[in-house]
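Here is the structure we will look at.
Chain letters run A, B, ... following the sequence lines, proteins first and then strands; every chain starts at 1.
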Number of protein chains: 2
Amino acid sequence: MAEDKKYQDASLPLPPDVEESLCRCGGIAGLTGQLPGDDLLKRESALFRALADPLRLKILAMLAVQPLCVCVIKAVLGIADSKLSYHLGVLKKANLIAGEAQGNWIIYRLTAEGEAWAQQIVDDNGS
Amino acid sequence: MAEDKKYQDASLPLPPDVEESLCRCGGIAGLTGQLPGDDLLKRESALFRALADPLRLKILAMLAVQPLCVCVIKAVLGIADSKLSYHLGVLKKANLIAGEAQGNWIIYRLTAEGEAWAQQIVDDNGS
DNA sequence: TTTTCATTTCAGATTCTTTTGAAATATCGA
DNA sequence: TCGATATTTCAAAAGAATCTGAAATGAAAA
């Protein structure tokens with residue numbers, strides 16, 4: 001053993017600069033303590049998973065223009081009803097959109113959270 | 001362009017307010033024209049897919065504290081080498097992290113894009 | 001009431017992502 | 001050179017997401 005080691009994680013041989021800065025932040029334990037909790041990470045990754053599909057991003061971009069009923073979204077995307085319904089369900093579950101029945105139709109609009117993300121998506125048009 | 005029709009998409013029966021605002025933005029065609037291109041949507045959704053996993057978000061949060069070699073990341077996460085390597089590969093391919101060999105180790109750090117996302121993830125600690 | 005229309009739900013098939021354990025690569029120190 | 005260590009790669013298996021077409025729901029018009 002390297003008994004004169006002043007670092008907490010002496011059991012793990014490391015590159016010098018990593019070891020030094022790791023020590024400065026409290027070693028493995030200190031680093032671990034700074035990380036977001038698993039519940040938060042799970043929620044955040046679920047949000048990203050809802051955004052991880054081109055069709056769904058396109059739906060958000062459409063709804064950023066204006067609220068729309070399912071049949072218009074379908075006309076723009078040119079996909080089957082059930083497929084669209086599936087993707088709308090994913091976005092709804094992620095709290096990015098909300099639907100309100102109006103007579104024979106259901107009109108979907110962005111939630112506040114959906115607005116924020118749609119903005120980010122549409123803004124990116126340049127890069 | 002010269003049309004007698006008041007609405008471009010008269011074939012599609014719509015709720016009144018959707019029809020009106022849809023007309024104001026140029027009908028189905030006008031709306032379609034405002035949307036981001038498929039190539040951009042694909043790139044953006046690929047980025048979100050890379051972020052759509054709690055382990056990977058945790059890795060980004062770790063690297064927001066400091067650059068780290070694989071063995072430290074592994075010690076914090078407590079997962080198998082090959083599994084970690086897979087997730088590092090996903091993040092690397094999405095251009096969120098980059099690895100630099102240093103002797104026997106590979107030290108990973110956030111890219112500029114990775115920094116921005118890691119910030120967003122860590123900032124969310126309250127909500 | 002019956003029909004029609006917009007939308008959702010369901011089950012099965014398909015495709016994509018992730019996990020696993022073993023083998024490969026590559027670098028260091030002796 | 002050898003052996004140890006850090007990391008990646010690979011193929012197969014497991015799991016999750018998505019697609020499909022058919023059937024169900026529910027509101028409105030006839």
* Among D/dT20, C/dT18, C/dT7, which nucleotide sits nearest the side chain of A/Cys69? -> C/dT7
* Between C/dA6, C/dT8, D/dT7, which nucleotide gets closest to the side-chain atoms of A/Ser85? -> C/dT8
* All side chain to side chain donor-acceptor pair (under 3.5 Å) counterparts of A/Arg24, not counting sequence neighbours -> A/Glu20
* **Nearest-Å distance for atom pair NZ/P, residues A/Lys92 and C/dT7** => 12 Å
* When the distance from CG of B/Leu14 to P of C/dC5 is rounded to whole Å, what number comes out? -> 14 Å
* Asked: How close or far is atom P of C/dT17 from atom CG of B/Leu84, stated in whole angstroms?
  -> 19 Å
* Nucleotide C/dT17, atom C1' - distance to CZ of A/Arg49 in whole Å -> 11 Å
* Structure fact -> When rounded to whole Å, the CG to P distance for the pair B/Asp53 and C/dT17 reads 12 Å
* **Side-chain N or O of B/Arg56 closer than 4.0 Å to phosphate OP1/OP2 of C/dT18** => yes
* Asked: Does A/Ser85 reach the main-chain N or O of A/Asp81 with its side chain, forming a donor-acceptor pair under 3.5 Å?
  -> no
* To do: Indicate whether OP1 or OP2 belonging to D/dT7 is found under 4.0 Å from a side-chain N or O atom of B/Tyr86.
  => no
* Structure fact -> The residue, B/Cys71 or A/Ser82, whose nearest nucleotide of DNA chain D is more 5′ is B/Cys71
* To do: State, with a plain yes or no, whether a side-chain heavy atom of A/Leu60 is found less than 4.5 Å away from one of A/Leu51.
  => yes
* To do: Check the distance between D/dT8's P and B/Asp81's CG and give it to me in whole angstrom.
  => 9 Å
* Looking only at side-chain N and O atoms, does B/His87 come under 4.0 Å of OP1 or OP2 in C/dT19? -> yes
* Asked: Does B/Val18 reach the side chain of A/Gln102, with side-chain heavy atoms less than 4.5 Å apart?
  -> no
* Asked: Taking for each residue the nucleotide of DNA chain C bearing the nearest heavy atom, is the 5' side occupied by B/Asn104 or by A/Trp105?
  -> A/Trp105
* **Rounded distance (Å) that lies between atom P of D/dA28 and atom CD of A/Gln102** => 10 Å
* **Length of the line joining A/Ile107:CD1 and C/dC5:P, which is rounded to integer Å** => 19 Å
* Keeping the roles fixed (side chain from B/Arg56, backbone from B/Leu91), state whether a donor-acceptor pair exists under 3.5 Å. => no
